[in-house]
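The basis for the numbers below is simple: all heavy atoms, side chains too, and nothing from hydrogens, waters or symmetry mates.
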Amino acid sequence: MDATQIEAVHDWAADAGQVPEGIVPFTVQHTDAALNALDKVCVFAWDIGDWPGPQGEVEVLDSEALRERNIDARQIARLLKVSPGTARALAEGRMVPTTDQLKAIAGQDDGPDVDLLTHANGPEVVALTLPRFKNDVWNLAQARGLDEATTRSTVWQEAVTLAARKTVNESETEEAENRIEMALKRLNKRYA
């Protein structure tokens, strides 16, 4: 599917258009085939969507760039006057730094040093693009009065700070999905 077809499917689902040529809608929505098709559409939609986005709405410190500059979590804690845990999360790319934090780490006053940043990645980023989380993220965004991309970033940050709770035979993807679920529950409770 290309971007035009995806947009047409979106319009059709919103009762604002026709099903594009070559696309056959499923009449029963809760079959494995229907869910796999929806997942495929969501993956394509993510590619043309705005999260995590080509401009990097979710950018974190690049641990390799920090290492090249001999900056470690201890130095980050001292520079930013934050707890060792927060400094470690920033250094490991599990927390999004503020502009002021980035300026302090980079040692400059004229703006953030983008060479210290990289796009967030990992199984939680992938999990947040799954269709099963779309409605929960959207509802949380509405409750907080935020856009969906900002809310996804908040959920991601909450999820990556949670300790892994692996059960027997659980894949990395399943672990990430469980952390996303826990993060959504925590955030919904916090902002209820």
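The minimum heavy-atom distance between Phe133 and Ala127, with the atom names listed, is CD1-O, 3.1 Å. Across Leu184 and Asp136, no two heavy atoms sit closer than the pair CD1-CB, 3.8 Å. Nearest heavy-atom pair, Thr150 versus Leu146, reported as atom, atom and distance to 0.1 Å: CG2-CD1, 4.2 Å. The two atoms that bring Arg94 and Thr161 nearest to each other are O-CG2, 4.1 Å, heavy atoms only. Across all their heavy atoms, Ala183 and Glu158 have their closest contact at CB-CG, 3.6 Å. Closest approach of Gln101 and Pro97 over heavy atoms only: OE1-CA, 3.3 Å.
Residues satisfying the side chain to side chain donor-acceptor pair (under 3.5 Å) test with Lys134, not counting sequence neighbours, are Glu148. Residues meeting the side-chain contact (heavy atoms from CB on, under 4.5 Å) test with Ala65, sequence neighbours left out: Asp62, Leu116. Residues passing the side-chain contact (heavy atoms from CB on, under 4.5 Å) test with Glu174, sequence neighbours excluded: Glu170, Ser171. Under the side-chain contact (heavy atoms from CB on, under 4.5 Å) criterion, Asn139 pairs with Asn135, sequence neighbours left out. In this view, Glu177 and Arg132 satisfy the salt bridge (charged side-chain N to carboxylate O under 4.0 Å, His left out) rule, not counting sequence neighbours. For the side-chain contact (heavy atoms from CB on, under 4.5 Å) test, residues two or more places apart in sequence or in another chain that qualify with Ala141 are Thr151. For Glu64, the side chain to side chain donor-acceptor pair (under 3.5 Å) criterion is met by Arg67, not counting sequence neighbours. Every residue two or more places apart in sequence or in another chain was checked for a side chain to side chain donor-acceptor pair (under 3.5 Å) with Arg88, and none qualifies. A search for side chain to side chain donor-acceptor pair (under 3.5 Å) contacts involving Gln157 returns nothing, not counting sequence neighbours.
Hydrophobic clustering, with ILVMFWY side chains joined whenever heavy atoms are under 4.5 angstrom apart, groups Tyr191 together with Val137.
Here the CG-CE distance, from Leu187 to Met182, works out to 11.5 Å after rounding to the nearest 0.5 Å. Annotation: the span from Ile105 atom CD1 to Leu90 atom CG amounts to 6.0 Å, rounded to 0.5 Å.
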For side chain to side chain contact (heavy atoms under 4.5 Å, CB included), just list the numbers for Val126 and Thr173, CA-CA rounded to whole Å, side-chain angles, deciding distance to a tenth of an Å, and then say yes or no.
-> CA-CA 8 Å; Val126 174; Thr173 301; over 6 Å; no
Criterion side chain to side chain contact (heavy atoms under 4.5 Å, CB included) on Arg186 and Leu162, from CA distance to verdict = CA-CA 11 Å; Arg186 282 183 173 194; Leu162 293 171; 3.0 Å; yes
Test side chain to side chain contact (heavy atoms under 4.5 Å, CB included) on Glu124 and Ile180 and set out the steps.
-> CA-CA 7 Å; Glu124 292 83 5; Ile180 296 297; 4.1 Å; yes
Side chain to side chain contact (heavy atoms under 4.5 Å, CB included) between Glu59 and Leu102, worked out = CA-CA 11 Å; Glu59 289 186 316; Leu102 187 55; over 6 Å; no
Check: residues 73-85 side-chain donor-acceptor pairs under 3.5 Å, at least two apart:
from	atom 1	to	atom 2	distance (Å)
Gln75	OE1	Asp72	N	2.9
Ser83	OG	Thr86	N	3.1
Ser83	OG	Thr86	OG1	3.1

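Inter-residue side-chain proximity for Arg69 and Asp115 is flagged as met; some heavy-atom pair is nearer than 4.5 Å.
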